[in-house]
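Read through the structure below, which is laid out as structure tokens, and then see the notes.
Chain A is the first sequence line, chain B the second, and so forth, proteins listed ahead of strands; every chain is numbered from 1.
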Amino acid sequence: MSSDPARVRFAPSPTGHLHLGGARTALYNFLYARQTGGKLLLRIEDTDRKRYRAAAAEGLMDSLRWLGIAWDEGPDVGGAFAPYIQSERAARHREHAQQLLNAGKAYHCFCDRNRLQELRRGRQSYDRLCRELAPTAARQRVQSGQAHVIRFRSPKEGSTTVRDLLRGEITVRNAQLDDFVLLKSDGFPVYHLAAMADDHAMGITHVIRGEEWLPSLPKHALIMRAFGWPEPTWCHLSVLKKPGGKGKMSKRDARQLDKAEGHSIFIHKLHERGYLPEAVVNWMALMGWSLDDRREDFTLAELQCAFGLEQLNASPAAVDFSKLDHFQGKRVRQLSATDVAAGIKPYFLREGLKPDEATLLKIVPLIQERIVTFEDAPQWAGFFFQPHVSPEPAHLVAKKLTPAESLAALQQARQTLVTLPTFERDPVEKALRALADELGLKLGQLLTPVRVAVSGQRVSPPLFETLEILGRESALQRMENATKLLKDL
RNA sequence: GCCCCCAUCGUCUAGGGGACCAGGACGUGGGCCUUUCAAGCCCAAGACCGGAGUUCGAAUCUCCGUGGGGGCACCA
């Protein structure tokens, strides 16, 4: 089962943030590299100068680092096959194009954009007008400075067969292929050329990438074969569909998700929202891969051992955020109190609250199993750090009690707490339970007005602990205020 | 329009000719616990896209449909 050390690469184009699909591709590449004791390369594919965004590459790397996906060679760490910025390799790509030109496997094309656009309007691919131009004549036109591209001379007859690891043999009739561009008129290579040339130069053994590349796989194989290079193992991952399972995730869907659900397909957003990288990784790993029919919980380290290309699934997977929340909740519950405290603190600060360490640490056990993301913490425990709370008066009324009865209960509770020798959890509980009995109330009925009074909300962390942490003074003050609200009801 | 890929519960999936009246997980419903909400535990409902064929036997192999997805740039 264990194979030779693989050299794999993640090769994003720096046009935006890292999203789920890309991250999952990166993850699988990383896992396979580790699994085989090989190397993961990071290569920035920036040959499209129109879409290039300077900040994007850094953002991409930040997201990968956060997830724990470490690369062995790349633009920042260097490596034996530098440079890892594709645009810096353009001179080599031009040489490669020239090589194919010399071999008669490529040709100059002088057709302008208008003509190509016309062709496309007629639902027709490039008509190969320049294919049979005499090479000497073509060279002359190039020398005279005429704008041109270099196209691949695709075979017109026969068929091309390529083997994909997950799908077996894929065969296309060569008549379906067109004479695609290798080198643009700005002298930069197109993906097909650049990626293949770099993959070969960098000794890539397995190309693990998204399914969207499958249709151009024959082109890539043909390029490799034209140069006489050995082909890597091809492995095309299925696409991710949007939640619900219908359709690919679009930019619009992504935006909607961000707003409405508090979820996101962007890794940096998940980070901002207080998700744990290990939860995200565990979740992503399972979209298109599974070990067996029993185990679903994996740390990154465990995945490195368990992962295998053989267990990859070729069918598309729908993104399911409730499953992410499940992994996230589980992971949060496993964290130490100090880790949770450190994790949630920024979110209190963001709300303008100033939590002190000691109190924060006391609160953690109360909310740890109630929060999903760190971002959830303030809505559970923000009231601890607010000077006062403003409950909705109607919420102070307990189930099956009238406002007047609730008021009475609240006042009695307050009275009880005033006289308590200490304000610790256990005595508080004991006293309130006794009071409920005495008043002939269910504990919940007595506690509801108290809870809402001190926390300002209907659901809160466990009340007795809450009272202790809040302290007598603050708790009594809040109950006093709530009394007034109930009287006005 | 043309090309390519995919097809098991709502979702992620196990399964690869007999071990499957199809297993797990998320979610959903119900119950227990209980001071609200969670967490935890227990139970339940829930799927092999359709049709032919191969075979003693098909979720599993083949073909044809259908459905879904991806791609058809001087973008990656």
Identify which nucleotide among [options] has an atom closest to any side-chain atom of [X], counting heavy atoms from C-beta outward.
X	options	value
A:E211	B:A76, B:C5, B:C74	B:C5
A:A314	B:C6, B:U36, B:A39	B:C6
A:P462	B:A76, B:A39, B:U36	B:U36
A:S290	B:G27, B:U13, B:C4	B:U13
A:D320	B:C74, B:C26, B:U13	B:C26
A:H326	B:C4, B:C12, B:A25	B:A25

Assess whether a salt bridge exists between [X] and [Y], defined as any Lys/Arg side-chain N lying under 4.0 Å from an Asp/Glu carboxylate O.
X	Y	answer
A:K323	A:D320	no
A:R209	A:D199	no
A:D179	A:R153	no

Does a side-chain N or O from [X] land closer than 4.0 Å to OP1 or OP2 of [N], or not?
X	N	result
A:R49	B:C74	no
A:T47	B:A76	yes
A:K184	B:A76	yes
A:K50	B:C75	yes
A:S460	B:C37	no
A:R458	B:C37	no
A:N313	B:A14	yes
A:R151	B:C74	yes

Taking atom types as they are modelled, would you say the side chain of [X] forms a donor-acceptor pair with the base of [N] within the 3.5 Å cutoff?
X	N	result
A:R167	B:C5	no
A:E296	B:G24	yes
A:R451	B:U35	yes
A:S315	B:C6	no

Quickly work out the [X] [atom1] to [N] [atom2] distance and round it to whole Å.
X	N	atom1	atom2	answer
A:W213	B:G69	CH2	P	21 Å
A:Q86	B:A76	CD	C1'	9 Å
A:D178	B:C4	CG	P	15 Å
A:K323	B:G27	NZ	C1'	9 Å
A:D293	B:C26	CG	P	14 Å
A:L291	B:C12	CG	C1'	15 Å
A:K219	B:C72	NZ	C1'	7 Å

For [X], which contact category applies under a 4.0 Å heavy-atom criterion: base, sugar-phosphate, or nothing?
X	value
A:L286	sugar-phosphate
A:F464	base
A:V149	base
A:S185	base
A:R120	sugar-phosphate
A:G210	nothing
A:W283	nothing

Applying ring-ring contact (aromatic ring centres under 6.0 Å, His included), run through A:W71 and A:Y84 and close with a yes or a no.
CA-CA 12 Å; A:W71 51 98; A:Y84 293 90; over 10 Å; no

The residue, A:D46 or A:P461, whose nearest nucleotide of RNA chain B is more 5′ is A:P461

Could you check A:F327 against A:R173 and say which one's nearest nucleotide on RNA chain B is further toward the 5' end?
A:R173

Let's test this: given Watson-Crick or G-U wobble pairing with both distances under 3.5 Å, identify the partner of [N].
N	value
B:G16	none
B:U54	none
B:C72	B:G1
B:C41	B:G31
B:U36	none
B:G10	B:C26

Other residues, nucleotides, ligands: >12 heavy atoms within 6.0 Å of A:R458 CZ:
no

Any non-hydrogen side-chain atom of A:R24 less than 4.5 Å from a side-chain atom of A:W283?
no

Tell me, with the steps shown, if A:T402 and A:E405 meet side-chain hydrogen bond (donor to acceptor under 3.5 Å, both in side chains).
CA-CA 5 Å; A:T402 65; A:E405 289 166 333; 3.3 Å; yes

For A:N174 and A:E157, run side-chain hydrogen bond (donor to acceptor under 3.5 Å, both in side chains): C-alpha distance rounded to whole Å, both residues' side-chain angles, the deciding distance at 0.1 Å, then the answer.
CA-CA 6 Å; A:N174 290 337; A:E157 274 139 39; over 6 Å; no

